[in-house]
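Structure first, commentary second.
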Amino acid sequence: MSFDVATLRKEFPTLQQEVDGRRLVYLDSAASSQTPRRVLDAMDEYYEHLRANVERGVYRISEQATARYERARTRLADFVGAPSPDGVVFTKNVTEAMNLVAYSWVRRQLGPGDALLTTEMEHHANFVPWWHAAQEVGFELRSIPITDAFELDLDAARELMADGNVRFLAVTHVSNVLGTINPLEDLIAMAREANPEVVVTVDGAQAVPHLPVDVAGLDCDFYGVTVHKMCGPTGLGALIAKPEQLEAMPPFLTGGSMILDVSLDQVTWNHAPHRFEAGTPPIAEAFGLEAACDFLDELGMANVRAHEEALVGTFVEALTAAEGVTVYGPTDPSKRSGAISFAVDGVHPHDLGAMLDGYGVCIRVGHHCAKPLMRTLGVNATARASLYLYNDTDDLAPLLDGIAEARSFFAR
Amino acid sequence: MSFDVATLRKEFPTLQQEVDGRRLVYLDSAASSQTPRRVLDAMDEYYEHLRANVERGVYRISEQATARYERARTRLADFVGAPSPDGVVFTKNVTEAMNLVAYSWVRRQLGPGDALLTTEMEHHANFVPWWHAAQEVGFELRSIPITDAFELDLDAARELMADGNVRFLAVTHVSNVLGTINPLEDLIAMAREANPEVVVTVDGAQAVPHLPVDVAGLDCDFYGVTVHKMCGPTGLGALIAKPEQLEAMPPFLTGGSMILDVSLDQVTWNHAPHRFEAGTPPIAEAFGLEAACDFLDELGMANVRAHEEALVGTFVEALTAAEGVTVYGPTDPSKRSGAISFAVDGVHPHDLGAMLDGYGVCIRVGHHCAKPLMRTLGVNATARASLYLYNDTDDLAPLLDGIAEARSFFAR
Amino acid sequence: MSMEDLYQEIILDHYRKPHNRAPTLDDEDVHVHHSNPLCGDEMDLRIRVDDDGTLDQVVFDGEGCSISQASASAMTIAVAGRELKDALELAEDFRLMMHGEEPTRLDDLQDGIAFQGVARFPVRVKCALLGWMALRDAIETYERGASAHSVTYDD
Amino acid sequence: MSMEDLYQEIILDHYRKPHNRAPTLDDEDVHVHHSNPLCGDEMDLRIRVDDDGTLDQVVFDGEGCSISQASASAMTIAVAGRELKDALELAEDFRLMMHGEEPTRLDDLQDGIAFQGVARFPVRVKCALLGWMALRDAIETYERGASAHSVTYDD
Ligand SMILES: Cc1ncc(COP(=O)(O)O)c(C=O)c1O
Ligand SMILES: Cc1ncc(COP(=O)(O)O)c(C=O)c1O
């Protein structure tokens, strides 16, 4: 680890705050991360100096804003190792990115007799779009179960693919509930072996902020990114795709900027990625994204990962050792990221969340948009503490104290 | 007019800039407006103090962010006279709003034998989504022509509706090219007379920033808003709808937050408007929107309109009188808004735009995402100067000087 | 806003030793199931109505946080023996209290009063309301002549 | 960046009195149509190739801004009489110049050199390139043995 968390925290305004006289301990970065000052500055630069619409303006501030918007595309392509900037479509969040694939690929290409394979640990964003499409065009939905070790069951996966009918695989890179880092290389290779034409979509929402990611190396067809979880602003996401996939797909959202020509009789679509960016895009947000990528690269994603791996090890160990606490997720830190779900004996997650809030500790409670996984775990809700680069071991004590306090409070 | 433009301008950082030693004259608000300082402050408040995801967080900053996000919904409902806040769906721009209607209503309800009526003066955002849907589900697309006075031809409209097959009407409130304010009450009444069940969608992109708007009073079913043109941030728009329409519609984008329950076999959709807001929404942007509504209401939309009506009168008169200039649009200021399209004899619009940029004057040139209208006008492109509340008569001279200079330059 | 405002001793007592918590009710007239999938809360509420149109007994069962369980427990006591219309009015008084208004029927609400502080915790308001809204639904279901109803909340 | 950088006198001369602007070309070998609907630019370019494989004549016609028209005019002169391969290389030199590189064939580009300043106006680069890209396409079309081709740009 080559950065100093205490110094780093100074860049995050929200973390400077106190709640009832206590330091705010933010353990909900899996829901949304904090945003460093320089990302806000980048957006201000747009609003204060280059506030104009992009694409096709002939005056300077519009030209400059356009150049910066496109530079953000290249920057993100570089940051995640996209095959090409032409394979980067900006969306409003990763949910829209998945819907783009559901409408422009899945609904067009799959039908009765085909199967789409997903997993039991998906966020709704990487499940409901396929479910909805399946309802409408009638393909089969299959789901890879998880093992007792909270990992994907690869043997079961192999069986689910055995008939060669799996034409589409949708899998998360990292689970937002369990923290599990999935063995994508193996899984994708397995799927391509069962069906060389399989199209693979990876939900990168919980990976890009936390791990060095190399999309081209994964050889997936689509990869989803959401910016508000990676030190960037709200309102922006991206679909990373193989450019040849995009170029072959019909548009999804239609309107301005995504056409070449329009008449009552005929519309000519623009090329990818513009074909998929209808209307005025999130411009200031793209400025913010560029600054966020710079920020993360300065720290070094390998360092971010090393820091989190060490930290999640400490947290998981301490939570597992704490009385009455059950952790849902891998124990080996090398196999997991910083989202730690757990239950506290005798304390409903909502009560736990409220108690912790009294200690200035922000955690998430509920189903985490992963209802199918909750069913598998046999719970209605879990508590989840999630870590990021600005967290440190001094965030552990407030969490443990709050849990202990809640236990004794409700057991009294 | 009860506000002082010189004072007002001070709130807009970009307008404080100079270009080559000249004051920046921004005449491209129809593309995107400038953003006042207080809107930026509202977004900073989110990022600096309440940076958390919304909906269902049990800790304070998340609760407060959620309350503010929902307050922005109510604020916008109030600002545009929506039938109810439950009829306000946040989208990323008005283009997405129109696509929502195209996917969840038009594609589900229209088919062969039905007609969708639009107009010749639509922005692609209010045309291509219907065209695309028509390609897929096979209804007929009709288009109301414009008169020589650059207004909708209501006689032709009546004829186009006469067979009673028009089940959907899509019309812009204000043209982004001609500035024409359409007589929506008459047109909607006419459509409902021809077919009492007609569903009406209005594109309010160029109206909400400039006129007092009363959506409930218009009795339309859907009304589109885009926030970056109304002193707000990029990355946010809204669909205003009759709540009963929304409640009856299947979802469009699917994923987190828009469901009640999910299993492999069954998904239960959430109620409107949440059913239509999948994934993490543009949260900071909603904070900005609220501040923008406050800003505009403090000025008073009637005052904004009065200011612009007077100003556009002056501009149109001066441009019409200028040698070699042809204005495309109504001359009566009471019938038009501040987007003024024109041609300059012997000067290609691109050359004009570049010359004016040299004078610090920002105008837009091109087809303005209104290709069908360009065909009607018989041009490939126009120049467009568009006015907003921070423009004043002192912005006229730089424009006229630049035009005169361009003429003599290219005629030399 | 401190935790003590939320978790009053009376509330904790109801949570630890709930009243009228039971999975069945003999001769039940109406059974409603209310769930809030977003929280994972589930509530089964059963009522039996006397011949004179008063609530003879109300029992609940289910899963949820301390606030939802305790509030349902306190509710079953406060409404037992009331006329249906009166119980509906009391439920409305509680609902308004949860939205920050002063309750008009302090005595009738009995331990329900302890939940007044919950109004300052917006996300928990729906927890406190769950039992009361299920009651209202049960009475309305009874008045419609039906015997079962199921409701899913969106938040 | 001043307007004079963009609108050099040479450019204006070509714009006002274009060379080789014509709607037809006798015995044309290839006709290509290039359009940029986003700008509203249209260009028809026709070439005739000599038996010895040199460009005999190039004419253009169309609609567009001063930069696109002037650049096409200057191009027709610079490439006339050149071997096809040589003309393609010159087009590449021009393209690189538009992307900020120093041209290596100053003399051969002739009046084309006047467009060097356009590189500093990103939105106008595509205008200056329109004629040259149409030429490249025409030669490639010829080499494929075809006689017509149409291209639409996305920006
Ligand atoms: C009339 C009209 N409709 C729709 C739009 C599209 O707006 P947006 O790009 O914000 O979706 C615009 C603006 O470009 C417009 O002027
Ligand atoms: C794994 C995963 N996928 C998808 C999402 C959805 O992201 P967004 O709400 O930004 O679209 C999230 C975050 O909530 C997530 O954790």
Side-chain angles (χ1 to χ4, degrees), chain A residues 13-14 17 19 28 31-32 34-35 40 44 47-49 51-53 56-60 92-93 95-96 98-99 123-125 128-129 131-132 141 143 228 233-235 253-256 259 261-264 267 278-280 282-285 350 353-354 357 362 364-366 369 371-372 375, chain B residues 13-14 17 19 28 31-32 34-35 40 44 47-49 51-53 56-60 92-93 95-96 98-99 123-125 128-129 131-132 141 143 228 233-235 253-256 259 261-264 267 278-280 282-285 350 353-354 357 362 364-366 369 371-372 375:
Chain A
T14 304
Q17 296 184 109
V19 175
D28 196 22
S32 208
Q34 296 302 319
T35 321
L40 308 182
D44 281 349
Y47 284 118
E48 294 178 3
H49 299 293
R51 182 74 177 92
N53 212 325
R56 283 177 305 292
V58 289
Y59 52 90
R60 264 163 278 181
K92 67 173 167 179
N93 50 28
T95 302
E96 183 194 336
M98 293 311 183
N99 277 272
H123 186 280
H124 294 159
V128 186
W131 186 91
H132 194 214
L141 214 58
S143 180
H228 67 91
T234 57
L253 301 177
T254 63
I259 57 87
D261 205 355
V262 176
S263 72
L264 199 56
V267 170
T280 303
I283 307 169
E285 291 79 355
H350 272 213
D357 182 43
C362 307
R364 181 125 314 217
V365 301
C369 296
K371 275 266 172 182
R375 283 211 174 75
Chain B
T14 304
Q17 295 184 110
V19 175
D28 196 21
S32 208
Q34 295 303 317
T35 319
L40 307 183
D44 281 348
Y47 284 117
E48 294 177 3
H49 299 292
R51 182 75 177 91
N53 212 326
R56 282 179 306 294
V58 288
Y59 52 91
R60 266 165 276 182
K92 68 173 167 179
N93 52 28
T95 302
E96 184 194 335
M98 294 311 185
N99 278 273
H123 187 280
H124 293 159
V128 185
W131 185 91
H132 194 213
L141 214 59
S143 179
H228 67 91
T234 56
L253 301 177
T254 62
I259 56 87
D261 206 355
V262 176
S263 71
L264 199 57
V267 170
T280 303
I283 306 169
E285 292 78 355
H350 273 212
D357 182 45
C362 307
R364 180 123 318 215
V365 301
C369 295
K371 275 264 170 184
R375 285 212 172 72

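Each chain gets a letter, A, B and so on, in the order its sequence line appears, and its residues count up from 1.
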**Study point:** side chain to side chain donor-acceptor pair (under 3.5 Å) involving B:T35 - partner list, sequence neighbours excluded
**Key:**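 Result, side chain to side chain donor-acceptor pair (under 3.5 Å) vs B:T35: A:R51.
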
Review point. Excluding sequence neighbours, so at least two apart, what forms side chain to side chain donor-acceptor pair (under 3.5 Å) with B:H124?
Key: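 By the side chain to side chain donor-acceptor pair (under 3.5 Å) rule, B:H124 matches no residue at all.
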
Which pair of heavy atoms, one from [X] and one from [Y], lies closest together, and at what distance?
X	Y	answer
A:G353	B:V58	CA-CG2, 3.6 Å
B:T14	A:Y47	OG1-O, 2.9 Å
A:E285	B:G235	OE2-CA, 4.0 Å
B:R375	A:V262	NH1-O, 2.6 Å

Exercise for review: Name the option with the most non-hydrogen atom pairs under 4.5 Å to chain B; the candidates are A:T234, A:V267, A:T95.
Suggested key: A:T234

Practice item. For each of A:T254, A:V19, A:L264, tally heavy-atom pairs with chain B at distances under 4.5 Å, and name the one with the top tally. Key: A:T254

When heavy-atom pairs shorter than 4.5 Å are enumerated against chain A, which of [options] gives the highest number?
options	result
B:Q17, B:E96, B:M98	B:Q17
B:A284, B:P372, B:G255, B:C369	B:G255
B:P129, B:S143, B:A125	B:P129
B:L141, B:T280, B:D44	B:T280

**Study point:** Proximal component of A:L40, with respect to chain B [non-hydrogen, under 4.5 Å]
**Key:** side chain

Exercise for review: Sort A:A354 into side chain, backbone, both or neither according to what part of it lies under 4.5 angstrom from a heavy atom of chain B.
Suggested key: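 For A:A354, the backbone is the part near chain B, not the side chain.
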
Practice item. Go through the atoms of B:H123 and report whether side chain, backbone, both or neither lie under 4.5 Å from a heavy atom of chain A. Key: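 Contact with chain A: side chain only.
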
Practice item. Begin from the C-alpha positions of A:I283 and A:N53 and carry the test side-chain contact (heavy atoms from CB on, under 4.5 Å) through to its verdict. Key: CA-CA 8 Å; A:I283 307 169; A:N53 212 325; 3.9 Å; yes

